[in-house]
Amino acid sequence: PSAPPLGAPCENWDRLYVIEIDGRGLRLITRDPSGIQSAILSGNGRVAYALTQSGRLLRVDADSGAETELLPRTLVVTTPSLGSRPVAGSLQRLSGVGFIGPDGVPEPVRVYLDGSEAPIISSWPGELWYQVPWELSGRTVPFRVETAVPPGPFEQPTWAHEMRVERYSPSVLDLPDEYGTAAAYGMRYSVAVNRDFTALITPERPARPGEIVNIYGLGFGPVDPPVPTGQAAPVEGPLSRVTESFQCKILDRGGERPVPILFAGLAPGLVGVYQVQLQIPPELNYRGETQILCPFIALLPVAFDAPGR
């Protein structure tokens with residue numbers, strides 16, 4: 001996850017290739033407009049089995065490319081949330097297959113919480129993002145996903161369970177794997193941009209001592225003034241700030257330094273996404289990867305560098 005980019009198909013995501021053990025003979029054996037979610041090769045290397053983003057299970061001959069459908073379209077929901085607990089007012093990710101048609105065009109998928117339809121904010125092959133209604137804070141409610149996918153032999157077109165909606169459970173959004181991980185911590189870098197929102201903070205473009213950065217996350221809880229479910233935080237007018245106050249520190253050589261927080265609230269122009277604007281201490285002595293520690297974020301690895309490194 002992914003204003004943060006909330007996920008997008010990678011290059012050649014709709015194609016399935018095979019290659020010899022020695023690295024030679026790379027060849028395309030099939031492609032599917034909806035995308036290939038995962039695939040595995042048989043023990044003798046002659047057959048590939050592929051699951052498409054539309055929910056079809058295919059058998060593909062590795063030599064001829066001949067394709068057989070083993071299972072028709074099936075809705076499969078693999079995770080109901082981003083890994084953290086669903087929080088009222090915040091975005092949550094739903095991943096799986098069957099959210100998209102065989103032609104690669106998204107099909108209607110509806111998410112219901114406590115019988116009411118939740119706003120779908122974005123949808124990609126393999127995942128969609130919805131907003132948990134503000135009104136459900138602190139409740140355990142029925143959670144249901146519906147789609148137009150016909151019933152399969154193992155799944156039904158409706159996926160349902162009970163879900164606890166929290167009032168407050170903050171987390172940060174991570175940059176995609178392509179940006180690498182912080183070697184010292186074995187974690188992905190967080191989604192952060194510079195002061196004027198023109199560049200991501202990455203190992204190639206690190207933050208510097210004294211710089212103001214904007215970090216994005218989910219689940220920071222109630223805001224004032226409130227924003228109705230399904231509506232983006234206003235770009236003009238009063239900013240919606242979090243009602244839970246907090247402090248942050250940054251790791252430095254020999255200890256920790258306080259980090260001034262300039263703003264914490266809903267990100268203007270976005271739905272269910274929070275923004276924390278803070279300033280890296282000008283006197284920071286640490287060079288390289290470091291962490292920002294907040295009571296709710298816990299560990300936030302970001303790449304930092306100092307001028308003249």
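In this chain, residues are counted from 1 in sequence order.
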Next item on the list: Give a yes or no on whether Ile40 atom CD1 has more than 12 heavy-atom contacts from other residues, nucleotides or ligands under 6.0 Å away.
Entry: no
Margin query: Is any side-chain heavy atom of Leu270 closer than 4.5 Å to one of Leu91?
Written below: no
Note to self: The test is side-chain contact (heavy atoms from CB on, under 4.5 Å); show your working for Leu175 and Val191 and say whether it passes.
What the structure shows: CA-CA 5 Å; Leu175 286 176; Val191 174; 4.0 Å; yes
Check: If you take all heavy atoms of Asp114 and Arg139, which pair is closest and at what distance?
Finding: OD2-NH2, 2.8 Å
Next item on the list: Looking only at non-hydrogen atoms, find the nearest pair between Val213 and Ala207 and report the distance.
Entry: CG1-CB, 3.9 Å
Next item on the list: Write down the atom of Pro268, the atom of Pro234, and the distance for their closest heavy-atom approach.
Entry: CB-O, 3.6 Å
Note to self: Just verifying a value: how many Å separate Arg56 CZ and Thr74 OG1, rounded to the nearest 0.5 Å?
What the structure shows: 11.0 Å
Margin query: Let me confirm one number: the CZ-CZ distance from Arg15 to Arg31, rounded to the nearest 0.5 Å.
Written below: 4.0 Å
Check: Are side-chain N/O atoms of Thr229 and Gln131 paired as donor and acceptor at under 3.5 Å?
Finding: no
Margin query: How long is the straight-line distance from CG of Leu58 back to OH of Tyr49, given to the nearest 0.5 Å?
Written below: 11.5 Å
Notebook entry, point to check: Can you find a pair of side-chain heavy atoms, one from Arg27 and one from Val18, that are under 4.5 Å apart?
Noted result: yes
Checklist line | The single option from Leu113, Val87, Leu218, Val141 passing side chain to side chain contact (heavy atoms under 4.5 Å, CB included) against Val132 | finding: Leu113
Next item on the list: Compare all side-chain heavy atoms of Asp32 with those of Asp14 and state whether any distance is below 4.5 angstrom.
Entry: no
Checklist line | Ser169 side chain vs Arg167 backbone, donor-acceptor pair below 3.5 Å | finding: no
Notebook entry, point to check: Say you draw a straight line from CD1 of Ile36 to OG1 of Thr30; how long is it, rounded to the nearest 0.5 Å?
Noted result: 6.0 Å
Margin query: Looking at every heavy atom in both Ala233 and Ala267, which two are closest together, and how far apart are they?
Written below: CB-O, 3.5 Å
Check: Hey, mind stepping through Leu128 and Val111 against side-chain contact (heavy atoms from CB on, under 4.5 Å) and telling me if it holds?
Finding: CA-CA 10 Å; Leu128 63 83; Val111 175; 4.2 Å; yes
Notebook entry, point to check: Can you list every side chain to side chain donor-acceptor pair (under 3.5 Å) pair that touches residues 264-281, not counting sequence neighbours?
Noted result: Asn214-Gln275, Asn214-Gln277
Check: Mind checking whether Val235 and Val271 sit in one hydrophobic cluster, side chains of I, L, V, M, F, W, Y counted as touching below 4.5 Å?
Finding: no
Notebook entry, point to check: Any side-chain heavy-atom pair from Arg208 and Asn194 closer than 4.5 angstrom?
Noted result: no
Next item on the list: Flag yes if Leu262 and Leu293 sit in one hydrophobic cluster, no otherwise; membership is Ile, Leu, Val, Met, Phe, Trp, Tyr, and two members link when side-chain heavy atoms are under 4.5 Å apart.
Entry: no
Check: Any donor and acceptor pair, going by atom type alone, linking the side chain of Arg73 with main-chain N or O of Ile100 inside 3.5 Å?
Finding: yes
Check: Between Phe263 and Ile212, is there a shared hydrophobic cluster once you connect ILVMFWY residues whose side-chain heavy atoms come closer than 4.5 Å?
Finding: no
Next item on the list: Starting at OH of Tyr130, measure out to CD1 of Ile121 and round the result to the nearest 0.5 Å.
Entry: 11.5 Å
Checklist line | Hydrophobic cluster identity match, Met163 and Tyr112, side-chain contacts under 4.5 Å | finding: no
Next item on the list: State the CZ-OG1 distance between Phe220 and Thr243, to the nearest 0.5 angstrom.
Entry: 12.5 Å
Note to self: Please determine whether the number of non-hydrogen atoms from other residues, nucleotides or ligands lying under 6.0 Å from atom CZ of Arg164 exceeds 12.
What the structure shows: yes
Next item on the list: Compare every heavy atom of Val227 with every heavy atom of Ala232, then report the nearest pair and how far apart it is.
Entry: O-CG1, 3.8 Å
Check: Which atom names give the shortest non-hydrogen contact between Arg205 and Ala199, and what distance separates them?
Finding: NE-CB, 4.2 Å
Notebook entry, point to check: Do Ile120 and Val109 pass the side-chain contact (heavy atoms from CB on, under 4.5 Å) test, and can you show the C-alpha distance, the side-chain angles, and the key distance before you say yes or no?
Noted result: CA-CA 8 Å; Ile120 303 294; Val109 178; 5.6 Å; no
Check: side-chain contact (heavy atoms from CB on, under 4.5 Å) between Val273 and Trp129: does it pass, once the steps are laid out?
Finding: CA-CA 11 Å; Val273 177; Trp129 291 77; over 6 Å; no
Note to self: If hydrophobic clusters are built from ILVMFWY residues whose side chains come within less than 4.5 Å, do Leu239 and Val223 share one?
What the structure shows: no
Note to self: Using only atom types and a distance under 3.5 Å, with no angle test, would you say the side chain of Arg59 pairs donor to acceptor with the backbone of Glu67?
What the structure shows: no
Next item on the list: Taking atom CZ of Arg110 as the centre, report whether more than 12 heavy atoms of other residues, nucleotides or ligands fall under 6.0 Å from it.
Entry: no
